[in-house]
Colleague: 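Got a structure here, written out as C-alpha cells. Questions coming.
Bear in mind that the values here come from a model prediction, so they are computed numbers and not experimental data.
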Amino acid sequence: MSLMTTEQVAEFLGVKVERVRRLARENLLVAKGQDDQGEPTFDKTDVEKYKELAQRLGGI
C-alpha cells in the first residue's frame, strides 16, 4: 500500500487541499491514517478509484 499526503492527493485530483480535507471529513475519500502534522493520508489505489468514479459521474 502506497500512501499519499493531502497535498499529493490535491495535486493528483487537480483540486485545492481544502477540498481533499472536506472529502475526507465527509467520508467520500477514506483516510488510512495521519501524518506527523495530523493531516490525513490516503491509499493511492483508493485515490485513483475515486478519481475514475468522479470522472464517470461528471467531474470532481
Colleague: Please check if atom CD in Glu11 has more than 12 non-hydrogen atoms from other residues, nucleotides or ligands closer than 6.0 Å.
Modeller: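 No.
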Colleague: First locate atom CD of Glu39, then atom CD of Glu7, and finally report the distance between them rounded to the nearest 0.5 Å.
Modeller: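 Those atoms lie 6.0 Å apart.
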Colleague: Hey, which of Val47, Leu28, Val30, Val9 is the one that makes side-chain contact (heavy atoms from CB on, under 4.5 Å) with Leu23?
Modeller: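 Going through the options one by one, the only one that passes is Leu28.
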Colleague: Can you measure from OG1 (Thr41) to CE (Met4) and round to the nearest 0.5 angstrom?
Modeller: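 If we round to the nearest 0.5 Å, Thr41:OG1 and Met4:CE are 11.0 Å apart.
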Colleague: Can you see which heavy atom on Gln8 is nearest to which on Thr5, and at what distance?
Modeller: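 Heavy-atom minimum between the residues: OE1-N, 2.8 Å.
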Colleague: When you measure from the side chain of Thr6 to the backbone of Pro40, do you find a donor-acceptor pair of N or O atoms at a distance under 3.5 Å?
Modeller: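 Yes, the answer is positive, given that a donor and an acceptor are paired below the 3.5 Å cut-off.
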Colleague: Do NZ/NE/NH1/NH2 and the carboxylate oxygens of Glu52 and Arg56 come within less than 4.0 Å?
Modeller: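 A salt bridge links Glu52 with Arg56.
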Colleague: Atom CG in Leu13, atom CD in Gln55: separation rounded to 0.5 Å?
Modeller: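 Rounded to the nearest 0.5 Å, the CG-CD separation comes out at 9.0 Å.
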Colleague: Looking at Lys51 and Phe12, would you say the former's side chain and the latter's main chain have a donor-acceptor pair under 3.5 Å?
Modeller: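 A pair under 3.5 Å: yes.
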Colleague: So how far is it from Leu29 CG to Leu53 CG, rounded to the nearest 0.5 Å?
Modeller: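 The distance works out to 11.0 Å.
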